[in-house]
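Labels below follow one simple rule: chain letters A, B, ... track the order of the sequence lines, proteins then strands, and each chain is numbered from 1.
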Number of protein chains: 2
Amino acid sequence: MAHGGKPRPMKGIRQLAEHLDISIGTVSRALNGKPDVNEETRKRVLAAAEQLGYVANQSGRSLRQGTTNVIGLMIQSSRETVENSDNFFLTVTGGLQSVFSRHNLDLIMLPCPHDEDPYEYLKRMVARRIVDALILSETQRVDKRFDMLAKAKIPFAALGRSLSGVQHPWADLDFDGVANCAVDRLVAHGHRRIAISTPASDINLGFVFVEGYRRALERHGIPYDPALVIRAKSSEQGGYQVADELLGLKDRPTAVILIYELMAIGFYRRVMEAGIIPGRDVAVVGFREAPRAKFLQPTLTCFRTSLHDLGVELAEILLSSMPAYNHIYPNTKRQRTWPLELVPGESDAFHLTTGK
Amino acid sequence: MAHGGKPRPMKGIRQLAEHLDISIGTVSRALNGKPDVNEETRKRVLAAAEQLGYVANQSGRSLRQGTTNVIGLMIQSSRETVENSDNFFLTVTGGLQSVFSRHNLDLIMLPCPHDEDPYEYLKRMVARRIVDALILSETQRVDKRFDMLAKAKIPFAALGRSLSGVQHPWADLDFDGVANCAVDRLVAHGHRRIAISTPASDINLGFVFVEGYRRALERHGIPYDPALVIRAKSSEQGGYQVADELLGLKDRPTAVILIYELMAIGFYRRVMEAGIIPGRDVAVVGFREAPRAKFLQPTLTCFRTSLHDLGVELAEILLSSMPAYNHIYPNTKRQRTWPLELVPGESDAFHLTTGK
DNA sequence: CTGAAAGCGCTTACAG
DNA sequence: CTGAAAGCGCTTACAG
């Protein structure tokens, strides 16, 4: 009898069922692809839902099913991150979504406000049950968040290793390998005083990076000099500051390894102000290849990687640790260092003459 | 009698109520700050909740209240956006949150996957009732999303004007004003052939920008030449391309206005390759001041603004259009062009000699 | 294959 | 000031 009424705004499954003159249970089963539904009925239901724009209310589903079908990507937009996370997240996000969408999981980003403690923020989000699982970024050396999520039994994966919860699933850029490769390359060009930059914060990648550098030096029999480890913000400004500090050192290094791509821009600027030319007077190795660093002159030696594919990997790692999806990604390695490939440029393409 | 049990993982308001030996209704009222609760009781409840880490399940609340207390910021991470949205969103987000947090509203970002139609994506998010209200970005010249949200009675505000739904609430950078100011300045320096860049897409800001430019030219009695409107991606590469196209024009312009800050980097690079020096041979006016553009030499004439404050404004505009918050922001202007302030640099600081 | 009913975790009139 | 109960919109055993 409800037939023929003009499509009013859809209020819920009840209206849809009335419109079709069948029970809400059947509507639900049809919509959710349950097998025990007459194909004829299913078609009618799907057509009506489409026509009336019905989509199940998520709160209702979540409450009943205990699952939201939403994955959260937590972002700590600290002042420093805001300056340098340029598109990093949006690119990784693309990779994550390409996997999640296969399972009708939606990705949302959870930006932790500057003035809120990330741990408390996360706790709140978890308690509210807004998401089924989480991807964490900005992994700290010791990161309480992992232990909390483990205890709360919320599946998660981290962008970055940590000393905490040593068995937690993660994917991470191969900072270690980059530092290694950079040192090898510089040493081969005759350098022995090699500086390196690292973030000022407790973010773990800095430790991994410097540790790789230290071991590489050791391999070459070069003593590790803490004075050559420069703490700076990961930004153009930070690069400027690194150059500034290096210029002030008495036994000035002949090479520098930067941990963040845009630092090279500030670094170039500062040394050039001092009449020092990268690739001639000082060797520079950047980190990740960035579109804007491409415009540097001389071209920057750096490392190429696909952040999109890193996102894919991270998504699969997460799903493999979720009971509901584990069977689909059974053989996924739960901890994965993500490789970067050297892109040689002109910025370190000279041999250090011993007389210098 | 439930007293003294060791704190098991909190499962819901029922456990909390049992633990306290009072009814769930009272627990709820205490937690939500309702006035008709004994202060003693409220204290006990809050203490227990804190201790046991209880936070109300959002699905339960949403279902009952019909409101999620979540605001969504939709981001269309098109390939182009990913390249250039560097931190723009994260900065605006900070401003948005500073307002929303006053009302216990959480902001989440909804990144529309590359391969999904933004309109369909939004429709789905709306139907699922994941958020109470939305902030839209990447406003198109004609943007169906506005009409859909209006029809669905979902409160929203847009970052950017549009021709659609002319009365919709928005905040937008003053592209008009920037184009105007840039033209005035360049004309005052003797320029008459002034080029301008605009995005290749249908995003409305490009139209607003070019329209402001056209009117400014008109004011100065300079004919509008469509050949001087260069469509390019908003990125370093796009800037490179703009320079390339300008170099190829027969009656070469003496000045250019760029719509996106990072374009200047590519532009500089390309003209310098041709032996042309910005600020001497060609005048360049950039758009928004960016940390990385600060390292350009000669320094770029551009415009300064606070994206954080723009976020604050946008949040207030949104809240003023939400029935539940309207009374708190009664006098908020619902449509707001956001000013930018000229930062003079060296890139256009020369007078064009008529003989050139 | 379908319908009727229970129940997910909350909030909120309604009694008392 | 507190408790008992209804009901938000769904999904899913359970009957038939």
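For A:Asn32, a side-chain nitrogen or oxygen approaches OP1 or OP2 of D:dT11 to under 4.0 Å. Here A:Gln65 reaches the OP1 or OP2 of D:dT12: one of its side-chain N or O atoms lies under 4.0 Å away. Between D:dG9 and A:Tyr54, no contact under 4.0 Å exists linking OP1 or OP2 to a side-chain N or O. At D:dT2, none of the side-chain N or O atoms of B:Thr26 fall inside 4.0 Å of OP1 or OP2 (strictly under the cut-off). Taking 4.0 angstrom as the limit, B:Arg64 places none of its side-chain polar atoms (N or O) nearer than this to OP1 or OP2 of D:dG7. Here B:Thr41 reaches the OP1 or OP2 of D:dT2: one of its side-chain N or O atoms lies under 4.0 Å away. Residue A:Ser59 has no polar side-chain atom (N or O) positioned under 4.0 Å from OP1 or OP2 of D:dC8. Taking only side-chain nitrogens and oxygens, A:Lys34 never comes nearer than 4.0 Å to OP1 or OP2 of D:dT11. The side chain of A:Ser23 contributes an N or O atom lying less than 4.0 Å from OP1 or OP2 of C:dG3.
The nearest whole Å value for the distance from the CG atom in B:Leu63 to the C1' atom in C:dT11 is 11 Å. Summarising the geometry, the separation between CG on B:Leu31 and P on C:dC10 is reported as 9 Å, rounded to the nearest angstrom. Rounded to whole angstrom, the span from the CD atom of A:Gln58 across to the P atom of D:dG9 amounts to 15 Å. To the nearest angstrom, P of D:dG3 lies 8 Å from CZ of B:Arg29. Atom CG in B:Asp36 sits roughly 16 Å away from atom P in C:dA15 (whole-Å rounding). In this structure, A:Ile24 places its CD1 atom 11 Å from P of D:dC8, rounding to the nearest Å. Between A:Asn69 atom CG and D:dG9 atom P there is a gap of 20 Å when expressed in whole angstrom units. One can place CD of B:Gln15 at 13 Å from C1' of C:dC10, the figure rounded to the nearest angstrom.
Using cut-offs of 30° and 60° on the angle between ring planes, the pair B:His103 and B:Tyr329 is perpendicular.
Of all nucleotides listed (C:dC1, C:dA4, C:dC8), C:dC1 comes nearest to the side chain of A:Asn38.
The base-pairing partner of C:dG16, taking Watson-Crick or G-U wobble contacts with both distances under 3.5 Å, is D:dC1.
When heavy atoms are screened at a 4.0 angstrom cut-off, A:Gly25 is found touching base atoms of the nucleic acid.
A:Arg141 has no carboxylate O lying under 4.0 Å from a charged side-chain N of A:Asp202, or vice versa, which leaves the two without a salt bridge. Salt bridge present: A:Arg145 and A:Asp143 bring a charged side-chain N and a carboxylate O closer than 4.0 Å.
The main-chain N or O of A:Thr26 is found under 3.5 Å from a side-chain atom of A:Ser23 such that the two form a donor-acceptor pair.
Heavy atoms only, all atoms of each residue included: B:Gly160 and B:Trp170 are closest at O-CB, 3.7 Å.
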